[in-house]
Amino acid sequence: MNPVRKKRLYIILALLVGVGATVGLALSALQQNINLFYTPTQIANGEVPDGVRIRAGGMVKEGSLQRTGDSLDVEFVVHDGASEVRMRYRGILPDLFREGQGIVALGRLNEENVLVADEVLAKHDENYMPPEVAQAMDKAIQAKAESAQ
Amino acid sequence: MNWTWFHKLGSPKWFYEISGRWLPWLGGAAIVLLLLGSVWGLAFAPQDYQQGNSFRIIYLHVPTAILAQSIYVMLAVAGVVGLVWKMKLADVALQQAAPIGAWMTFLALLTGAVWGKPTWGAWWVWDARLTAMLILLFLYFGIIALGNAISNRDSAAKACAVLAIVGVVNIPIIKYSVEWWNTLHQPATFKLTEKPAMPVEMWAPLLVMVIGFYCFLAAVLLMRMRLEILKREARASWVKTELRAQVEGRP
């Protein structure tokens with residue numbers, strides 16, 4: 001490569017490194033603001049500002065969903081393996097909402113540390129499989145659990 | 001290493017001849033693969049156990065999103081080639097690929113919104129992945145606008161190349177957004193190091209669609225570049241002979 005081209009190439013590389021470093025520093029400074037939601041652990045540690053509408057996300061705890069017979073009110077617990085948050089919501093839940101599924105809820109924390117949500121979004125994971133395979137896997141897990149007893 | 005092919009690329013005439021030979025093959029492959037992939041993916045691939053049939057939009061969403069990002073990387077590479085080697089063809093490629101990339105980004109955002117409504121419960125969420133994709137769309141708009149705003153061809157080429165190179169930092173941000181931050185968008189199903197989190201009867205049609213979209217991109221890009229070359233080289237004698245042959249060949 002002739003020296004002029006080499007010089008131009010180095011200038012471009014330097015430009016890219018500079019821009020990359022700038023954006024990297026800006027993003028790491030904004031780390032907290034880019035996260036879409038707070039985890040239950042962050043809420044338990046008091047990292048959440050008071051009285052502000054926040055998003056909180058985690059897995060719906062198995063067996064925690066309570067519906068009321070005469071209204072759309074639901075209550076459930078969201079956990080991230082370490083901490084839990086109780087959530088209250090009135091409305092129609094998305095199709096993918098189920099126990100054991102990841103969700104993100106928007107709302108405010110009240111005095112009892114219950115998140116009163118006005119919007120619930122379901123998060124789905126990166127795994128896809130046909131229904132028959134999912135059923136077969138459920139059966140295999142059940143059979144394992146029964147043989148262990 | 002033999003660099004003659006690379007320096008030959010600098011000649012618009014050589015490019016025009018060679019691309020004319022490739023074009024029918026790429027176009028044919030694109031049509032066959034896209035038809036095969038859509039029928040296979042939309043009608044014969046199994047449903048998802050949770051999302052049912054709505055997951056089938058993956059067969060459009062993933063190929064358009066992959067293309068949106070790889071076209072941008074291509075713009076940046078063309079920008080470097082244009083700035084360092086002063087190759088005119090690099091600017092032709094950059095200018096002609098940008099609108100295709102913008103369309104792919106728009107389609108990825110649109111199919112993502114249509115997919116998000118039934119699964120997440122929202123058309124749009126300001127999460128890191130979605131926002132970074134929106135920034136990519138604006139980068140494409142910026143390059144297209146800049147290319148049209150400056151009337152001097154050489155200055156426009158330089159300005160667009162710099163913008164394309166600077167904007168490429170957005171690509172790793174899009175790619176790793178789902179790992180660096182908490183997002184609503186799920187992480188990648190396909191990783192180079194692991195088995196895909198999806199059975200073969202689901203990912204095989206997806207692979208066909210992705211290859212089909214790449215062939216489609218190559219065919220459309222070559223067509224656009226050939227037309228642009230004819231426009232820019234309109235005064236060259238080979239263009240005049242070529243056009244005369246085409247006009248007289250098809251009365």
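Lettering follows sequence order; numbering is per chain, from 1.
Only the backbone of B/Pro118 has a heavy atom closer than 4.5 Å to any heavy atom of chain A. Heavy atoms of A/Val120 lying under 4.5 Å from chain B belong exclusively to its backbone. B/Ala188 touches chain A through its backbone: at least one of N, CA, C or O sits under 4.5 Å from a heavy atom, while the side chain does not. If you measure heavy-atom distances from A/Gln135 to chain B, you find no contacts under 4.5 Å at all. Both the backbone and the side chain of A/Leu9 have a heavy atom closer than 4.5 Å to some heavy atom of chain B.
Around CG of A/Leu30, the count of heavy atoms belonging to other residues, nucleotides or ligands within 6.0 Å exceeds 12. Within a 6.0 Å sphere centred on CZ of B/Phe106, other residues, nucleotides and ligands contribute 12 heavy atoms or fewer. The environment of CZ in B/Arg153 is crowded: more than 12 heavy-atom neighbours from other residues, nucleotides or ligands sit within 6.0 Å. Other residues, nucleotides and ligands contribute only 12 or fewer heavy atoms inside 6.0 Å of the CZ atom of A/Arg90.
Among the candidates A/Leu16, A/Val23, A/Val4, the residue making the largest number of heavy-atom pairs closer than 4.5 Å to chain B is A/Leu16. Options A/Tyr128, A/Phe97, A/Tyr38 differ in how many heavy-atom pairs under 4.5 Å they form with chain B, and the most are formed by A/Tyr128. In terms of heavy-atom pairs under 4.5 Å with chain A, the best-connected choice from B/Met198, B/Lys86, B/Glu201, B/Gln186 is B/Gln186.
We find the CH2-CZ distance between B/Trp85 and A/Arg8 to be 10.0 Å, quoted to the nearest 0.5 Å. Taken from CD1 in B/Ile165 to CG in A/Leu15, the straight-line distance is 7.0 Å, to the nearest 0.5 Å. The distance from the CZ atom of A/Arg55 to the CG atom of B/Leu184 is 9.0 Å, given to the nearest 0.5 Å.
When every heavy atom of A/Pro130 is checked against every heavy atom of B/Met202, the shortest pair comes out as N-CE, 3.7 Å. Taking each heavy atom of B/Gln47 and A/Pro131 in turn, the nearest pair found is O-CD, 3.2 Å. Listed here is the closest heavy atom pair of B/Thr119 and A/Pro94: O-CB, 4.3 Å. Taking each heavy atom of A/Asn127 and B/Asp48 in turn, the nearest pair found is O-OD1, 4.4 Å.
A/His124 and B/Gln51 are linked by a side-chain donor-acceptor pair at a separation below 3.5 angstrom, with hydrogens and angles left out of the test.
Interface residues of residues 168-183 of chain B toward chain A, defined by a heavy-atom distance below 4.5 Å and sorted by number: B/Val168, B/Val169, B/Ile173, B/Trp180, B/Trp181, B/Asn182, B/Thr183.
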